[in-house]
Chemist: 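There's a structure below that I have some questions on.
Below, each value reflects all heavy atoms present in this structure, side chains not excepted, and no hydrogens, waters or symmetry copies.
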Amino acid sequence: MTQQGTLGVAVIGTGMMGADHVRRIDEVISGARVAAVVDIDEARAKHIAHGVEGCQAYTDPAAAMAAPDVDAVLIASPGPAHEAALLAAFERDLPVLCEKPLTPDPASALRVLEAEQRLGHRRVQVGFMRRYDSEFMRLKSLLASGELGRPLMLHCRHRNASVHSYFTTDMLITDSVVHEMDQSRWLLEQEITAVTVLRPAPNADAPEGIGDPQLVILETDGGALVDVEIFATCGFGYQVQAEAVCERGTARVGDAHGMLINRTGGWGGEIAPDFVARFEEAYDREVQAWVNATRRGEVEGPSAWDGYAAAAVSAAGVRAQTDGRRTAVEMIERPAFYR
């Protein structure tokens, strides 16, 4: 770090999410600067770097991590590239904020867990940004207080206007419902033990081959049930909502009760167009928290264990999606290192 303690960050991957994080570090948060950007598309990396003072462009993550002014790594590349980048960061003992997924499958996530444990200390924060959303943080605090008694059920809705051309039915689980999987584990402080996926008649407006929407049922080791409506081609906008049903009351977030407008013949508000708009403040808060903790020499937030657990539950979800049956989650016992 510089004499002023500014954290030099290498951002790996400059697609939509990576470019947004470059902007966030450069313009929004404090205590960090973008020292390097990495992308296999050299022209894109150079274009992004050109707009940031003192930023260098690379095509090789390891080369960027070796730069003398790089103190930490933010991984925003596609999931299949995460394991190699994480292991390269571990070789240099660099702190990492890794966008979800930690890795795309439980086997590779387990390899990352084992490598981090060999270091003897945590280095990874996984980018499950809902844990930094103000509404979800309030719900977490309320449930933790015990004021409403034990949570019995969570009702969740996850809607998106449309999907990319490369989107697959599996990605309804691995790219979308994975957020509810982590959110449920965090809110309930319980592990998910089984997944069932129910499939109604598909939306006529969904791309061919995409079985959207679906209803996903999660069971936990604490006896709670979580239902998730995933509707990735709803057409009207982006919505994420959750309602906790507890012994002595309920609590719901995500209704977007912002400004209401009355006009001739109607009334209403706005619906966010996508996840970037809906969770902008959560992303800001997440990255700032990571920078603050890193500058203190600490690691906070969702751990590599949380990333592994999400991968294990997602794998069970994809199997349940395929065979239409309740599917048990296969996970190792949580290591003491992550307790």
Side-chain angles (χ1 to χ4, degrees), residues 1-78 81-82 84-100 102 119 121-129 131-133 275-277 279-304:
M1 288 187 282
T2 66
Q3 290 182 346
Q4 292 75 29
T6 301
L7 194 71
V9 179
V11 177
I12 301 176
T14 58
M16 180 178 70
M17 198 72 257
D20 195 46
H21 280 315
V22 169
R23 175 198 61 81
R24 177 170 290 108
I25 296 170
D26 190 44
E27 300 177 5
V28 180
I29 70 166
S30 62
R33 58 176 288 268
V34 182
V37 294
V38 185
D39 202 287
I40 56 173
D41 184 338
E42 184 175 12
R44 180 175 179 82
K46 287 182 175 179
H47 174 73
I48 296 289
H50 182 71
V52 180
E53 183 178 356
C55 180
Q56 299 297 314
Y58 297 83
T59 57
D60 177 21
M65 293 181 206
D69 57 347
V70 168
D71 308 301
V73 181
L74 193 158
I75 299 175
S77 52
H82 286 189
L86 285 160
L87 296 181
F90 291 168
E91 288 180 4
R92 294 188 169 275
D93 203 17
L94 292 171
V96 183
L97 173 57
C98 181
E99 277 295 342
K100 67 87 183 167
L102 177 68
L119 285 177
H121 49 263
R122 277 187 60 189
R123 269 299 178 232
V124 180
Q125 175 180 321
V126 182
F128 287 118
M129 77 293 188
R131 298 191 185 202
Y132 296 89
D133 176 73
F275 70 93
V276 175
F279 287 110
E280 181 178 7
E281 291 185 3
Y283 281 117
D284 292 348
R285 194 176 288 114
E286 171 191 61
V287 177
Q288 186 69 72
W290 173 64
V291 168
N292 292 347
T294 300
R295 294 176 71 197
R296 295 194 303 268
E298 300 173 0
V299 181
E300 299 178 343
S303 68

Chemist: For Tyr132 versus Gly301, what's the shortest heavy-atom pair and its separation?
Modeler: OH-CA, 3.4 Å
Chemist: Would you indicate whether the side-chain heavy atoms of Met17 and Tyr283 approach each other to under 4.5 Å?
Modeler: yes
Chemist: To the closest 0.5 Å, what do you measure between CG (Asp133) and CD (Glu280)?
Modeler: 12.0 Å
Chemist: When you look at CD1 of Ile40, are more than 12 heavy atoms from neighbouring residues, nucleotides or ligands closer to it than 6.0 Å?
Modeler: no
Chemist: Can you list the residues that meet the salt bridge (Lys or Arg N to Asp or Glu O under 4.0 Å) rule with Asp41, with sequence neighbours excluded?
Modeler: none
Chemist: Find the distance between CG (Leu119) and CD (Glu91) and round it off to the nearest 0.5 Å.
Modeler: 10.0 Å
Chemist: Any idea which heavy atoms bring Phe128 and Glu286 closest together, and the distance?
Modeler: N-OE2, 3.6 Å
Chemist: What closest approach, in Å, do Arg122 and Val124 show between heavy atoms, and which atom pair accounts for it?
Modeler: NH2-O, 3.0 Å
Chemist: Would you say His121 and Asp93 make side-chain contact, with heavy atoms under 4.5 Å?
Modeler: yes
Chemist: For Ala36 and Ala64, which heavy atoms make the closest approach, and how far apart are they?
Modeler: CB-CB, 4.2 Å
Chemist: Decide if atom NE2 of His50 counts as having more than 12 heavy atoms of other residues, nucleotides or ligands within a radius under 6.0 Å.
Modeler: no
Chemist: Where the side chain of Gln288 meets the backbone of Ser30, is there a donor-acceptor pair that is under 3.5 Å apart?
Modeler: yes
Chemist: Answer yes or no: is there a side-chain heavy-atom contact under 4.5 Å between Val37 and Val52?
Modeler: no
Chemist: Between Gln125 and Pro302, is there a side-chain heavy-atom distance shorter than 4.5 Å?
Modeler: yes
Chemist: Using side-chain contact (heavy atoms from CB on, under 4.5 Å), reason through Ile48 and Val11 one step at a time and then give a plain yes or no.
Modeler: CA-CA 11 Å; Ile48 296 289; Val11 177; over 6 Å; no
Chemist: Applying the side chain to side chain contact (heavy atoms under 4.5 Å, CB included) criterion to Arg33, which one of Leu7, Asp69, Asp71 satisfies it?
Modeler: Asp69
Chemist: Hey, is CD on Glu42 packed in by over 12 heavy atoms from elsewhere, all under 6.0 Å?
Modeler: no
Chemist: Can you tell me if His21 and Arg24 form a side-chain donor-acceptor pair at under 3.5 Å?
Modeler: yes
Chemist: Look only at the side chain of Asp39 and the backbone of Thr14, and say whether a donor-acceptor pair between them is shorter than 3.5 Å.
Modeler: yes
Chemist: Hey, what do you get for CZ (Arg123) to CG (Leu94), rounding to the nearest 0.5 Å?
Modeler: 7.5 Å
Chemist: Which heavy atom of Ile12 sits nearest a heavy atom of Pro61, and at what distance?
Modeler: CD1-CB, 3.8 Å
Chemist: Taking all heavy atoms of Val126 and all of Leu97, pick out the closest pair and write down the distance.
Modeler: C-CD1, 4.4 Å
Chemist: For His82, check ring pair (Phe, Tyr, Trp, His ring centres under 6.0 Å) against everything at least two apart and list the hits.
Modeler: none
Chemist: Are more than 12 heavy atoms from other residues, nucleotides or ligands located less than 6.0 Å from atom CD of Glu298?
Modeler: yes
Chemist: For the CE atom of Met129 and the CZ atom of Arg285, what is their distance to the nearest 0.5 Å?
Modeler: 12.5 Å
Chemist: Could you give the distance from CD (Glu300) to OG1 (Thr294), rounded to the nearest 0.5 Å?
Modeler: 9.0 Å
Chemist: Taking side chain as C-beta onward, heavy atoms only, is Met65 less than 4.5 Å from Tyr58?
Modeler: no
Chemist: For a 4.5 angstrom cut-off between non-hydrogen side-chain atoms, does Val291 reach Arg295?
Modeler: yes
